[in-house]
Structures are given as C-alpha cells and as structure tokens.
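Being a predicted model, the structure only gives us computed values, none of them experimental. Values below: all heavy atoms of this structure, side chains included; hydrogens, waters and symmetry mates excluded.
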Amino acid sequence: MSMNIAIDGPAGAGKSTIAKRLAKELGFIYVDTGAMYRAIAYYLLKNEISATEEEIKAACPDIDVKIAYENGEQQVLLNGENVNGVIRTQEVSAMASVTSSYPVVREKLLELQRSLAANADVIMDGRDIGTCVLPGAQVKIFLTASSATRAKRRYDELVEKGETCDLAEIEREIVARDERDMNRETAPLMQADDAVFVDSSYMDIEKVVETLLDIYREKTGK
Ligand code: DC
C-alpha cells in the first residue's frame with residue numbers, strides 16, 4: 001500500500017515549498033493539486049469563459065488535465081500543453097479561487113488526484129486533501145501562518161520575479177481568498193480531525209521541514 005502525506009492550509013502558508021523539501025527527503029512524489037485548479041482557471045480565462053457554474057459545466061468536457069514529471073518536477077498538461085509557466089499569475093489565482101468552489105470542477109480533478117496517490121508514495125498539498133481527497137492518508141498536516149506573514153512571503157516571491165506589487169493589496173487578496181476557500185459549500189478549506197496543526201508564522205523553512213519530519217516519524221514509526 002502506498003504511503004500518503006496530506007498537507008492542507010491557506011494560500012501562502014508555505015505548503016508547496018515544504019512539501020517539495022519533504023518529498024526529496026523521503027523519496028516521495030510531490031503532487032500540487034492547486035496547479036490543477038489553476039490549469040482549469042487558465043483555460044477558462046484564455047477562452048473567455050465566464051466563471052458561472054453553467055458556463056463551466058458546459059466547458060468541462062473540453063478540458064483535459066494530466067500530470068507528468070520532468071526531473072522530479074510536476075508538470076501540468078492542459079489538453080496536452082504544458083502550462084506550468086503561465087498559471088502563477090494573480091489573475092489565475094483569483095479565477096482558480098472562484099472556479100474551484102464548483103462541484104463540477106472538483107469532481108473532474110478528484111479521480112486524477114486519487115489515482116496518483118494510489119499508485120505511489122505521495123505528498124499532496126491543497127485545501128481538502130486530508131478531509132476529502134485522501135481521508136485515509138497516514139499523515140495529515142494543517143499548515144498555516146498569519147495573513148501578514150503569508151502576504152509578506154508572497155510579496156517577496158513576486159519581487160524576486162521582478163513583478164511590481166503592493167503588500168497591503170496582496171494581504172487583502174489573501175484574506176479574500178481564505179474567506180472564499182473556507183466558506184464554500186463543497187470541500188471547504190478545513191482541518192481534518194486527525195490532522196496535526198502547524199503554525200509556521202515564526203518558523204523558517206528548515207524548522208518547518210524538521211517539525212513535519214518529526215510528525216511523519218511519530219505517525220509512521222519510520
Ligand atoms: O494552492 P494554490 O494557491 O495553487 O491553489 C489555487 C486555488 O485552488 C486556491 O484558491 C484554492 C484552490 N484549491 C482547492 O480548492 N483545492 C485544492 N485541493 C487545491 C487548491
């Protein structure tokens with residue numbers, strides 16, 4: 001049976017950075033489910049499809065999302081095209097937050113996510129991994145940080161990429177995204193009963209990795 005680690009938490013909590021590090025450390029595959037939602041959002045934006053449930057339902061059969069790995073890095077293929085380089089914009093983030101609330105979008109990705117976890121040892125991050133996608137995961141973490149810390153991390157990332165941005169605006173967007181992710185009817189962002197809560201506001205990356213490795217060892221006896 002494959003080993004599954006589920007990491008859920010709000011935007012900017014450091015899930016992907018930490019999950020990538022853990023995957024390397026443990027020899028697991030890292031599965032970024034947010035990228036799948038982003039790919040669908042990108043398709044809708046590109047094809048000027050409005051974010052209403054009806055329009056999205058009609059478009060769904062034309063959207064094919066697949067995952068491949070290149071040098072251990074997840075690549076998202078949208079109708080055969082690698083979209084990794086175009087799904088990290090603020091526009092796509094905002095669209096993904098809205099469209100991921102629709103059951104039709106979530107159902108479309110559920111099977112892909114579960115099949116990846118059934119066939120390999122994975123660390124999967126998202127919003128509903130511990131609660132909905134992999135309720136049987138051996139290790140579940142709910143990773144969070146204050147909205148101010150998360151905004152500052154996102155700001156630093158964008159500045160490093162050479163983008164101009166406003167810290168207060170980023171924090172407002174993060175808070176709005178949290179609201180949407182936590183209050184939607186289908187698969188809201190929520191800590192699973194058996195998940196371990198980790199607040200990384202005052203931890204550096206090394207400390208978070210160490211903390212999660214300790215939790216993994218404690219839960220699995222490995
Ligand atoms: O983690 P991220 O920022 O790449 O996620 C993009 C959006 O997708 C985010 O607003 C929430 C949504 N998402 C989700 O609803 N469920 C997941 N398992 C992962 C992401």
Side-chain angles (χ1 to χ4, degrees), residues 1-38 67 74 96-97 100-103 105-147 149-150 153 174-175 177-222:
M1 194 183 154
S2 60
M3 181 72 80
N4 294 164
I5 301 177
I7 304 184
D8 290 303
K15 299 185 299 293
S16 64
T17 306
I18 302 301
K20 275 184 201 163
R21 281 284 308 273
L22 279 183
K24 210 170 226 177
E25 201 87 30
L26 298 169
F28 282 28
I29 288 171
Y30 166 52
V31 181
D32 171 2
T33 62
M36 302 173 188
Y37 288 99
R38 285 171 181 274
I67 294 297
Q74 174 181 296
S97 174
S100 61
S101 65
Y102 295 123
V105 172
R106 307 203 69 84
E107 277 155 27
K108 190 170 177 69
L109 296 175
L110 189 60
E111 200 182 318
L112 168 65
Q113 293 163 354
R114 285 192 174 150
S115 69
L116 288 165
N119 296 313
D121 293 339
V122 299
I123 300 185
M124 188 178 286
D125 78 0
R127 303 295 189 285
D128 61 332
I129 311 305
T131 50
C132 296
V133 181
L134 306 176
Q138 293 89 340
V139 182
K140 296 182 187 176
I141 311 281
F142 191 83
L143 184 64
T144 189
S146 68
S147 60
T149 302
R150 291 184 284 129
R153 288 176 185 163
I174 279 187
V175 170
R177 204 132 79 89
D178 287 354
E179 280 286 303
R180 274 197 300 268
D181 291 351
M182 287 188 299
N183 294 313
R184 65 184 180 215
E185 265 175 44
T186 312
L189 166 63
M190 201 169 56
Q191 182 178 347
D193 290 339
D194 50 351
V196 181
F197 180 87
V198 177
D199 183 342
S200 74
S201 299
Y202 301 104
M203 294 183 193
D204 62 13
I205 292 173
E206 293 309 318
K207 180 72 186 154
V208 183
V209 170
E210 220 177 275
T211 304
L212 266 53
L213 277 175
D214 285 345
I215 294 167
Y216 170 79
R217 291 190 195 107
E218 192 186 313
K219 292 272 175 197
T220 63
K222 295 202 183 232

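A donor atom on one side chain and an acceptor atom on the other are found under 3.5 Å apart for R106 and Y37.
Here the CD1-OH distance, from I18 to Y30, works out to 10.5 Å after rounding to the nearest 0.5 Å. Expressed to the nearest 0.5 Å, how far CG of D8 lies from CE of M124 amounts to 10.5 Å. Of the inter-residue distances, the one linking L116 atom CG with L134 atom CG reads 9.5 Å to the nearest 0.5 angstrom. Note that the CD1 atom of I129 and the CD1 atom of I7 stand 10.0 Å from one another [nearest 0.5 Å]. With rounding to the nearest 0.5 Å, the separation of CD1 in I67 from CE in M36 is 4.0 Å.
For D125, there are no salt bridge (charged side-chain N to carboxylate O under 4.0 Å, His left out) partners, not counting sequence neighbours. Residues meeting the side chain to side chain donor-acceptor pair (under 3.5 Å) test with R114, sequence neighbours left out: none. Listed by chain and residue number, T131 satisfy the side-chain contact (heavy atoms from CB on, under 4.5 Å) test with M190 (two or more places apart in sequence, or in another chain). Residues satisfying the side-chain contact (heavy atoms from CB on, under 4.5 Å) test with A118, not counting sequence neighbours, are none. Not counting sequence neighbours, the partners of R127 by the salt bridge (charged side-chain N to carboxylate O under 4.0 Å, His left out) test are D181. In this view, K15 satisfies the salt bridge (charged side-chain N to carboxylate O under 4.0 Å, His left out) rule with no residue, not counting sequence neighbours. Scored by the salt bridge (charged side-chain N to carboxylate O under 4.0 Å, His left out) test, D121 finds no partners at all (sequence neighbours excluded). With sequence neighbours left out, the side chain to side chain donor-acceptor pair (under 3.5 Å) criterion links T33 to no other residue. T17 is linked by a side chain to side chain donor-acceptor pair (under 3.5 Å) to nothing, counting only residues two or more places apart in sequence or in another chain.
Pairing each heavy atom of I29 with each of A23, the nearest pair is C-CB, 4.4 Å. When all heavy atoms of D178 and A11 are compared, the pair lying nearest together is OD1-N, 4.2 Å. Taking both residues in full, the closest heavy atoms of S2 and A117 are given as OG-O, 2.6 Å, listed atom of the first, atom of the second, then distance. When all heavy atoms of S97 and R177 are compared, the pair lying nearest together is OG-CG, 3.5 Å. The shortest heavy-atom contact between V209 and L22 is O-CD2, 4.0 Å. Summarising the geometry of S115 relative to N119, their closest heavy-atom pair is O-ND2, 2.8 Å, with the distance given to 0.1 Å.
Under a cut-off of 6.0 angstrom, the local environment of CZ in F197 is crowded, with over 12 non-hydrogen atoms contributed by other residues, nucleotides or ligands. For D193, the CG atom counts as loosely surrounded, since its 6.0 Å shell holds 12 or fewer non-hydrogen atoms of other residues, nucleotides or ligands. In I205, the CD1 atom is not crowded: 12 or fewer heavy atoms of neighbouring residues, nucleotides or ligands sit closer than 6.0 Å.
In this structure, S100 and R184 have side chains that are in contact, with non-hydrogen atoms separated by less than 4.5 Å. The shortest side-chain heavy-atom distance between I174 and P10 does not fall under the 4.5 Å cut-off. M3 has its side chain out of reach of L26: every pair of non-hydrogen atoms, C-beta onward, lies at least 4.5 Å apart. Residues S200 and R153 have side chains in contact (heavy-atom distance under 4.5 Å, counting atoms from C-beta outward).
Screening residues 130-144 for salt bridge (charged side-chain N to carboxylate O under 4.0 Å, His left out) gives K140-D194 as the qualifying pairs, with residues at least two apart or on separate chains. Judged as a salt bridge (charged side-chain N to carboxylate O under 4.0 Å, His left out), the pairs with a partner in residues 21-37 (not counting sequence neighbours) are, in order, R21-E206, D32-R88.
Formation of a donor-acceptor pair under 3.5 Å by the S146 side chain with backbone atoms of S201 is not found in this model.
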Determine all donor-acceptor pairs shorter than 3.5 Å in which one atom belongs to a side chain in residues 215-222; sequence neighbours excluded.
residue: R217; atom: NH1; partner: D214; partner atom: OD1; Å: 3.4
residue: T220; atom: OG1; partner: Y216; partner atom: O; Å: 2.7
residue: T220; atom: OG1; partner: K222; partner atom: N; Å: 3.3

